There are 2 protein chains.
Amino acid sequence: MDELNSKKAARATADLVAREANVSRVAVSRAFNPNASLKPEKRDRILQVARELNYTPDMAARSLVTRRSHLVGMIVPDVCSPWESQEIDALTTALQAEGFATLLFKAKADFSMDQTLLTYMRGFNPDSVIAFTENIAPDVLTGFLDRAVPIYVIYDDATEFSGKPASSIYDRLLVRQREGIEQAVALLQGYGARRVAYLGGKQQSLANNERERMITEILAERGMEPPIVVAGDYTYDTAYRATLDLFRVGDGADAIFAANDVGAFGAIDALRHDLGLSVPGDVKVVGFDDIPQAHWKSYNLTTVRIDLEDRVRALVRLILRRLKTPDADPMVETLGTRLVVRGTVG
Amino acid sequence: MDELNSKKAARATADLVAREANVSRVAVSRAFNPNASLKPEKRDRILQVARELNYTPDMAARSLVTRRSHLVGMIVPDVCSPWESQEIDALTTALQAEGFATLLFKAKADFSMDQTLLTYMRGFNPDSVIAFTENIAPDVLTGFLDRAVPIYVIYDDATEFSGKPASSIYDRLLVRQREGIEQAVALLQGYGARRVAYLGGKQQSLANNERERMITEILAERGMEPPIVVAGDYTYDTAYRATLDLFRVGDGADAIFAANDVGAFGAIDALRHDLGLSVPGDVKVVGFDDIPQAHWKSYNLTTVRIDLEDRVRALVRLILRRLKTPDADPMVETLGTRLVVRGTVG
DNA sequence: TTGTATGCGTTATCAC
DNA sequence: GTGATAACGCATACAA
């Protein structure tokens with residue numbers, strides 16, 4: 001009884017398993033390393049004993065010598081939108097299947113990235129880092145994280161992050177927004193929209209700026225007026241108020257292109273429940289992302305879809321390839337967008 | 001140049017900092033341990049050099065000797081609802097402030113908890129574990145995680161998890177649902193509801209069962225008919241279809257009490273956009289949780305609120321206290337609920 | 001206050 | 001295929 005308890009209480013170690021199975025410490029180590037050479041029956045016996053003793057190799061000790069933590073750091077904004085939550089979710093599932101665990105870190109709400117956080121995170125030695133904030137330059141990140149190579153999301157023709165070339169290596173996820181936005185604008189135009197408003201996201205957001213630029217460009221190409229730009233921050237409440245202002249203080253619009261779905265929801269609710277306008281009758285609305293809520297009947301939102309599964313797969317590919325060949329040249333994965341037509345344009 | 005590169009490329013170690021600052025290895029260690037005794041000016045110089053060399057103590061090495069990983073494991077369902085995402089979010093922020101990082105693990109969608117996952121997680125030696133799935137008994141969890149003491153969420157009068165006493169220690173977060181539910185039922189009754197339906201969550205969910213039991217109990221106390229129980233699974237789509245069935249196949253109801261807000265949204269949309277009924281005119285709806293979407297104008301949901309901030313604070317208190325006194329008696333934190341009145345009852 | 005020696009649990013290297 | 005030994009980077013007991 002005491003014997004049993006002390007065995008269970010103490011964290012089972014490789015030496016304990018080795019002693020119990022009458023093998024050496026190293027054999028135990030090999031038993032848990034699939035590509036190490038060990039006589040099959042011996043491995044089976046060791047794994048059996050390990051199971052009985054409730055033993056698992058200690059990742060901390062292992063990472064100390066292998067220089068692989070099997071940890072992927074994710075830096076996310078203080079409070080996440082559904083889109084980000086969903087992506088963290090899917091990424092974690094995908095990475096777990098590859099043997100990596102997600103280590104979550106919260107950045108400040110204003111997307112600022114202080115050195116404190118980076119220093120703190122580095123202590124955990126993540127094998128890779130995905131940052132959901134955009135205003136940190138590659139050079140800064142690479143300077144802090146030694147082993148990890150950052151991945152950046154870039155858009156359409158912008159081949160360099162923020163336009164400035166970086167001296168350090170980083171991998172890229174290129175999102176081709178043009179196709180989706182073009183389809184959306186064409187649909188709006190086809191249904192007679194003439195005054196299109198762009199309801200923006202966070203000012204500092206690269207995605208936001210690129211979306212605005214692209215919409216402006218495409219409207220011009222199709223001979224339409226430039227968009228009425230309305231400031232937002234990706235949140236429902238701000239979008240709601242901004243839409244009220246647009247129609248009460250400003251001259252309104254007959255179509256609203258929102259920088260994200262949540263913003264589109266805010267616009268729709270302001271139009272319907274406060275301004276007494278109908279969607280799509282009086283005003284057409286298009287969103288961006290295609291989060292699950294977009295198909296909820298109250299909104300039934302027409303939106304530009306970035307396929308989450310594709311996106312996650314691309315990111316995981318980048319991570320795994322970089323880990324396999326740490327000194328490889330910068331890698332790029334490309335992602336398309338397309339319009340999902342539902343009920344807010346027509 | 002080569003000198004600089006090699007210095008930057010190699011992970012800065014305590015020895016390197018010690019050499020550069022002309023102190024011993026141990027001094028560096030002490031410099032990063034606030035309550036270790038070290039001459040202040042010496043500490044400052046060391047920290048200065050450390051900053052220049054981009055050095056951070058290695059958590060893996062540290063945890064190996066301190067037996068503290070500063071990691072909190074969270075086991076969450078494969079795909080998270082807004083409520084869970086929000087809680088993970090808030091918990092991570094709160095824990096980070098206390099020096100802990102969140103380690104995320106995905107369980108299967110069916111809430112099953114296989115040994116593989118637990119074994120895998122244990123390898124990382126989390127200091128504490130929060131499980132968002134409910135069908136794993138304390139004894140099993142404690143058997144697997146040696147250092148960590150599990151925390152369970154229990155409801156109202158159910159003093160024991162699943163009713164069976166457990167031999168192992170675990171801490172409890174007691175949620176008093178009665179107050180909120182009672183307020184909701186009173187409001188419904190006050191507005192003339194007579195046939196109340198309960199739109200359930202996942203069958204295996206303890207929270208779901210307790211909510212159903214409590215609603216049944218309170219309806220009886222107030223002299224009302226028992227609820228028409230409709231099966232659900234916390235998702236929008238299932239709630240939507242279940243509501244259609246309730247009115248097309250079944251006899252309908254004049255009030256729907258949903259097990260969570262997302263389910264309530266599904267019910268509302270089915271009523272308004274498919275069944276042509278008005279909410280709250282024809283049917284009143286109450287939700288549970290009060291997620292951010294509940295105040296969106298399209299739903300404007302009356303719902304029983306479990307305060308997220310309170311809940312997170314309680315959990316963090318439990319975690320910190322248990323870490324400080326690992327052998328303490330089981331601890332309990334209590335949480336209230338209250339009705340948030342909006343526009344779906346009236 | 002400071003330094004020396006030892007150990008944490010694991011894998012890599014090298015013999016055999 | 002197998003086992004001894006030396007790291008990995010850090011914190012602690014102990015002596016000074």
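Note: hydrogens, waters and symmetry copies are ignored here, and every other heavy atom, side chains too, is used. Nothing here was measured: the structure is a model prediction, and the numbers come from that model.
Nucleotides of DNA chain C with any atom under 4.0 Å from a heavy atom of chain A span, from 5' to 3', C:dG9 to C:dA12.
Taking OG from B:Ser69 and CZ from A:Phe124, the interatomic distance works out to 7.5 Å, rounded to the nearest 0.5 Å.
Rounded to an integer number of Å, the gap from CG of A:Asp58 to P of D:dC8 is 18 Å. Atom P of nucleotide D:dG1 and atom CG of A:Asn35 are separated by 12 Å, given to the nearest angstrom. Put simply, CZ on B:Arg68 is 20 Å from C1' on D:dG9, counting in whole angstrom units. Taking atom CZ on A:Phe124 and atom C1' on D:dG9, their separation rounds to 15 Å, with Å as the unit. In this structure, B:Arg30 places its CZ atom 10 Å from P of D:dT12, rounding to the nearest Å. Between A:Glu41 atom CD and D:dT2 atom C1' the separation is 14 Å, expressed in whole Å.
Between the side chains of A:Ser81 and A:Glu84, at least one donor N or O sits under 3.5 Å from an acceptor N or O. No side-chain N or O of B:Ser85 forms a donor-acceptor pair with one of A:Asp89 less than 3.5 Å apart. There is a side-chain donor-acceptor pair under 3.5 Å between B:Arg51 and B:Gln48.
Here A:Ser37 lies in heavy-atom contact (under 4.0 Å) with a base. Using a 4.0 Å heavy-atom cutoff across all strands shown, B:Thr13 reaches sugar-phosphate atoms only and no base atom. Among the atoms of the strands shown, none is found under 4.0 Å from any heavy atom of B:Phe32. At the heavy-atom level, B:Ser29 lies under 4.0 Å from base atoms of the strands shown.
Heavy-atom minimum distance, B:Pro126 versus B:Gly73: CB-N, 3.7 Å. The shortest non-hydrogen separation linking A:Arg322 to A:Ala328 is NH1-O, 2.8 Å.
Toward the 5' end of DNA chain D, the nearer of the two residues B:Asn33 and B:Ala61, judged by each one's closest nucleotide, is B:Ala61. Positionally, the nearest nucleotide of DNA chain C for B:Arg25 lies more toward the 5' end than for the other of A:Arg25 and B:Arg25.
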field: salt bridge (charged side-chain N to carboxylate O under 4.0 Å, His left out) evaluation trace for B:Asp15 with B:Arg25
entry: CA-CA 5 Å; B:Asp15 297 80; B:Arg25 246 189 340 268; 3.2 Å; yes

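For D:dG3, the OP1/OP2 oxygens have a side-chain nitrogen or oxygen of A:Lys42 closer than 4.0 Å.
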